[in-house]
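Report on the structure given below.
In what follows, residues are counted from 1 in the order of the sequence shown.
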Amino acid sequence: MARILWLTLYGADVRSIRYREIADDLRERISGGEFGSGRLLPSESTLGERYGSSRVTVRRALDVLSEQGIVASKQGLGWFVAAAPVRQALGTLGTIEAQLAQVGAVAERKVLEFAFAPASARAREVLECDEVLRVRRLNLADGQPFARVTVWCPASLAAGLSRADVERSPFYELLTVPLASATQTIGADAASAADASVLDIPVGSPVLRCERITRDVHGKAVLLSVHVFPAHRTEFVVELNQAERSIAPSGLRLVE
């Protein structure tokens, strides 16, 4: 009986040492830059295989790092390096690059697709044209995937643009027509396989999907864009200057 009790206590002590070792190793790897701010960590089962430990031990190590504010978790997403989400204000007509600059992040863009093509049904409806320049790109913040963006622009307005142009600068800086306003619709969604691949997140994990229609000074739509953000990397903020009797924000629409 005494031997069984000793073995039980010894096993518990070994597990206690092991989860601390795992926590220490992960902390060093994060501080060393192997996992950047906001970057997803390998799954608990993958970490368990790498460290030769059970998921219970790995979870305890991650809980320690969570208590220290080093990592965080979100349902459907998993564990990631803790970072304050980028707050994007909805009261101004701006770009992702400008929003990232405000929080001191280094913004990069990588063009995944550049093509003059027939307009999709949605692009034809919004832009009222038959041919568009379609640009699909990945925006990064401090080297980590931040948003997948697809932009449609009437071919007549984009005729002089090159792939190098749209990789270097936002459309807002490239178009010669003066821009005046935009309508942005934001909803929750689950990451598709294509978006999960470029954003380095699990398929089906929570994302924010934003459709923006940008108009010129005459009210004509000149850009249609869809932005997909990993839900843990950004949040949208709107200032409500006058209190109403209803506590619900204005602009809400029920989606069937």
Side-chain angles (χ1 to χ4, degrees), residues 6-89 96-108 138-148 186 188-191 195-209 227-238:
W6 181 85
L7 288 174
T8 301
L9 292 175
Y10 176 76
D13 188 55
V14 169
R15 288 193 295 272
S16 174
I17 294 174
R18 186 57 181 152
Y19 88 78
R20 293 183 185 279
E21 289 176 343
I22 294 172
D24 290 343
D25 184 67
L26 285 173
R27 188 185 300 106
E28 289 181 8
R29 293 168 68 183
I30 292 171
S31 63
E34 181 176 344
F35 300 108
S37 178
R39 176 77 178 271
L40 284 182
L41 296 174
S43 67
E44 292 179 6
S45 58
T46 299
L47 288 173
E49 292 176 0
R50 290 184 181 179
Y51 288 108
S53 298
S54 68
R55 291 186 62 176
V56 173
T57 301
V58 169
R59 170 64 68 88
R60 193 172 182 187
L62 291 168
D63 285 339
V64 169
L65 297 180
S66 178
E67 292 171 0
Q68 297 171 354
I70 297 173
V71 302
S73 64
K74 186 179 287 290
Q75 181 68 32
L77 190 66
W79 293 90
F80 55 92
V81 179
V86 175
R87 307 189 79 197
Q88 300 193 57
I96 290 177
E97 286 80 5
Q99 300 282 6
L100 292 175
Q102 289 180 1
V103 298
V106 176
E108 300 175 66
L138 177 66
N139 281 78
L140 301 102
D142 293 332
Q144 302 299 324
F146 181 72
R148 190 276 297 163
I186 304 170
D189 206 347
D195 284 336
S197 176
V198 297
L199 294 173
D200 196 20
I201 56 178
V203 174
S205 59
V207 295
L208 294 174
R209 184 182 186 278
H227 306 66
V228 177
F229 300 93
H232 70 294
R233 300 227 61 190
T234 193
E235 60 187 16
F236 293 93
V237 181
V238 60

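A search for side-chain contact (heavy atoms from CB on, under 4.5 Å) contacts involving P42 returns F35, T46, L47, R50, not counting sequence neighbours. H232 pairs by the ring pair (Phe, Tyr, Trp, His ring centres under 6.0 Å) definition with F80, not counting sequence neighbours. The ring pair (Phe, Tyr, Trp, His ring centres under 6.0 Å) check on F146 picks up F229, with sequence neighbours excluded. Every residue two or more places apart in sequence or in another chain that forms a side-chain contact (heavy atoms from CB on, under 4.5 Å) with V106 is listed here: D142. With sequence neighbours excluded, the residues that form a salt bridge (Lys or Arg N to Asp or Glu O under 4.0 Å) with D200 are R39. Residues passing the side-chain contact (heavy atoms from CB on, under 4.5 Å) test with A61 are Y19, I22, A23, sequence neighbours excluded. Residues passing the salt bridge (Lys or Arg N to Asp or Glu O under 4.0 Å) test with E108, sequence neighbours excluded: none. Here D25 pairs with R29 under the salt bridge (Lys or Arg N to Asp or Glu O under 4.0 Å) rule; sequence neighbours left out. E44 meets the side chain to side chain donor-acceptor pair (under 3.5 Å) test with R55, R59, W79; sequence neighbours excluded. Every residue two or more places apart in sequence or in another chain was checked for a salt bridge (Lys or Arg N to Asp or Glu O under 4.0 Å) with R233, and none qualifies. Contacts of S205 classified as side chain to side chain donor-acceptor pair (under 3.5 Å), with partners at least two apart in sequence or in another chain: none.
We find the OG-CZ distance between S54 and R60 to be 10.5 Å, quoted to the nearest 0.5 Å. Rounding to the nearest 0.5 angstrom, the gap separating the NE2 atom in H227 from the CZ atom in R209 is 11.0 Å. Note that the NZ atom of K74 and the CD1 atom of I201 stand 12.0 Å from one another [nearest 0.5 Å]. In this structure, the separation between CD1 on I186 and CZ on F236 is 4.5 Å, given to the nearest 0.5 Å.
Side chains of R18 and S53: a donor on one and an acceptor on the other come within 3.5 Å.
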Please output the side-chain donor-acceptor pairs of residues 63-72 that fall under 3.5 Å, not counting sequence neighbours, one pair per line with the distance.
residue: Q68; atom: OE1; partner: R27; partner atom: NE; Å: 3.2
residue: Q68; atom: OE1; partner: R27; partner atom: NH2; Å: 3.0

Legend entry - Worked verdict on E97 versus N139 for side-chain contact (heavy atoms from CB on, under 4.5 Å): CA-CA 9 Å; E97 286 80 5; N139 281 78; 3.2 Å; yes

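Taking each heavy atom of P230 and V207 in turn, the nearest pair found is CA-CG1, 4.2 Å.
Side-chain contact between D195 and D189 is absent, with no heavy-atom pair separated by less than 4.5 Å.
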